[in-house]
Number of protein chains: 2
Amino acid sequence: MSQVVNLKSVKATCQSCSLSRLCLPRGLHDEELERLDRIVQRKRPLTKGEALFHVGQPFHSLFAVRSGSIKVVLPTSHGEEQIVGFHLPGELLGLDAMGHDAHHCTAIALETSSVCELPYHQMQELCKQIPSLNDQLMSLISDEIAGEHEMLLMLGKKTAEVRLAAFMANLSVRFHRRGFSSTEFNLPMSRHDIANYLGLAVETVSRLFTRFQEEGVIEVHRRLVQIRDRDRLWELAEMGGPQCPGVRADN
Amino acid sequence: MSQVVNLKSVKATCQSCSLSRLCLPRGLHDEELERLDRIVQRKRPLTKGEALFHVGQPFHSLFAVRSGSIKVVLPTSHGEEQIVGFHLPGELLGLDAMGHDAHHCTAIALETSSVCELPYHQMQELCKQIPSLNDQLMSLISDEIAGEHEMLLMLGKKTAEVRLAAFMANLSVRFHRRGFSSTEFNLPMSRHDIANYLGLAVETVSRLFTRFQEEGVIEVHRRLVQIRDRDRLWELAEMGGPQCPGVRADN
DNA sequence: CGGCCTATTGACGCTACTCAACATGAGTGG
DNA sequence: CCACTCATGTTGAGTAGCGTCAATAGGCCG
């Protein structure tokens, strides 16, 4: 409150952001980046459990995760919930509300997380003026759809073992792209969240984790995961084939 | 080939299309409609089983279903397939490839079907010039994402009975919006397709159909469906609650 | 009419859920 | 610092829902 004068010095910019390779800035040159920066609003960090938006709330902005992680949840008529995605830094939130006036899902921080707010109307204007920004937005949108297709395949056809293995493999790749270790990371979400997301019972997830450990595939202690045998994990996830589900070409 | 002179007389236009209320033309006025019409390419109808595009093929156009129905399929490494959607007239295809150079899924006609081709680059240009076209495209995109979220919920949390009931209810609503009866319609897809889409075995679908019949909820003969007790069907589909999953506000 | 594909029905078994007890760690207050 | 409580995670036993396998019935087309 009293430090307004300091804000400028700590202000993050798209130019300086390490995620620009994954996020909207991808493919933009300096002048364009500055224009994007001008509409981006960096918000105060969310604390664990805090909602970025709730289902039904008016939609006026997209959000990009800057740090931390956020789960996206669909409430059901019967009080249950379905987690439809976990978003890591560089990924967009709120795409499913574009062109509508209310959010269709709820976004909740899994840990202390910061996001960039992108007022939708200003984004639209900027997309008109900067073709490569529009391209990148469309690319991220289609990734979202494609990713959900892969998830439908998971839930429709795969066993619990394959689902969990693929989930771990997917996290490994996504963390790696963000500059973290691909073999050792902390799960941002609880067992309950994992189970919910994968359409399984918590107990099943727990049992599978211990089985994976017994087989020397991964080591799990509470939320710390260490991947011991990457090849075997990929096999379990059925990701050795022609294309790698859940993983778009590297970038 | 020899009838070029006749083409104009039979040429369908977005202005004359009964689907404009659901499809891209929604919200456009006459002059804008004409400009959209100028980039739309009406293609020869697809025959049953014919592919509109295959996974891996270069992407350069979106498609809108004009008549018939089309299934969208994801192939897996193990030769299986997962159907990720059935598209009825007025719905778009290919959204998951925007911003990429290749299709991510395969689209196959379930019956004789015609589509409108929308060259993507021209669409982009037109979206810049016609804000309400851009709005409608974004709206359709977000509907696609939201619909897939609902489907994740189905596959993640719902029993076979609820899935099939919700599927029938969903079809009923979608046919109704297209001017068909909401209580009597022909399934465009086989039992095998339904089972695949819902993540079930064909036998389970068959058994549920007979159970629904015994309970007087629906009548099914081969592909003809008659809904006898709409309220009970909605109950079975768990669609009586606060909001109706799978069904956006009417339009 | 015969062959083929789709759909139905039945018997059986397995995967993963439910219920329940227990373990572990985190946070709190004395 | 320790005892207490609560949240989170693990493990076990029993079971149900749904998949698999197999046989049969019904439509469609040449």
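In the text below, chain A, chain B and the rest are named by the order of the sequence lines, each starting its count at 1. Since this is a predicted model, take the numbers as computed values, not measurements.
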Check nucleotides 4-7 of chain C against the protein and report each pair of N or O atoms closer than 3.5 Å, with its distance, or say if there are none.
unit_1: dA7(C); atom_1: OP1; unit_2: Arg191(B); atom_2: N; d: 3.4
unit_1: dA7(C); atom_1: OP2; unit_2: Arg191(B); atom_2: N; d: 3.2

Taking distance alone, no hydrogens or angles, what donor-acceptor pairs closer than 3.5 Å link side-chain atoms of residues 222-231 of chain B to residues at least two apart or in another chain?
unit_1: Arg223(B); atom_1: NH1; unit_2: Pro188(B); atom_2: O; d: 3.1
unit_1: Asp229(B); atom_1: OD1; unit_2: Asp231(B); atom_2: N; d: 3.4
unit_1: Asp229(B); atom_1: OD1; unit_2: Arg232(B); atom_2: N; d: 3.1

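- Applying the side-chain hydrogen bond (donor to acceptor under 3.5 Å, both in side chains) criterion to Thr183(A), with sequence neighbours excluded, gives Ser181(A).
- For the helix from dC1(C)-dG30(D) to dG30(C)-dC1(D), the axis fitted to the five pairs at one end and the axis fitted to the five pairs at the other end meet at an angle of 40° (nearest 10 degrees).
- Checked against side-chain contact (heavy atoms from CB on, under 4.5 Å), Ser67(B) has the following partners two or more places apart in sequence or in another chain: Ser114(B).
- Between Glu238(A) and Arg163(A) there is no salt bridge, since no side-chain N of the basic residue sits under 4.0 Å from a carboxylate O of the acidic one.
- Rounded to whole Å, the distance from NE2 on His221(A) to P on dA26(C) is 13 Å.
- Contacts of Phe167(B) classified as ring-ring contact (aromatic ring centres under 6.0 Å, His included), with partners at least two apart in sequence or in another chain: Phe86(B), Tyr197(B).
- Annotation: side-chain hydrogen bond (donor to acceptor under 3.5 Å, both in side chains) contacts involving residues 82-92 of chain B, sequence neighbours excluded, comprise Lys157(A)-Gln82(B), Glu91(B)-Arg174(B), Glu91(B)-Arg178(B).
- Between Glu117(B) and Lys43(B) there is a salt bridge, with a side-chain nitrogen of the basic residue lying less than 4.0 Å from a carboxylate oxygen of the acidic one.
- Boundaries of the chain A contact region on DNA chain D are dG9(D) to dA13(D), first to last in 5' to 3' order (nucleotide atom under 4.0 Å from a heavy atom).
- Partners of Phe59(A) according to the ring-ring contact (aromatic ring centres under 6.0 Å, His included) rule, which considers only residues two or more places apart in sequence or in another chain, are His103(A), Tyr120(A).
- In this structure, the ring of Phe185(B) has its center less than 6.0 angstrom from the ring center of Phe175(B).
- Between Lys158(A) and Leu153(A), some side-chain heavy-atom pair lies under the 4.5 Å cut-off.
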Below 3.5 Å between N/O atoms, which protein atoms pair up with nucleotides 10-16 of chain C? Just atom names and distances, please.
unit_1: dG10(C); atom_1: N7; unit_2: Arg207(B); atom_2: NH1; d: 2.8
unit_1: dG10(C); atom_1: O6; unit_2: Arg207(B); atom_2: NH2; d: 3.4
unit_1: dA16(C); atom_1: OP1; unit_2: Ala160(A); atom_2: N; d: 2.8

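- The salt bridge (charged side-chain N to carboxylate O under 4.0 Å, His left out) analysis of residues 180-189 of chain A, with sequence neighbours excluded, yields no pairs.
- Applying the side-chain hydrogen bond (donor to acceptor under 3.5 Å, both in side chains) rule to pairs touching residues 198-216 of chain A yields Glu161(A)-Arg211(A), sequence neighbours excluded.
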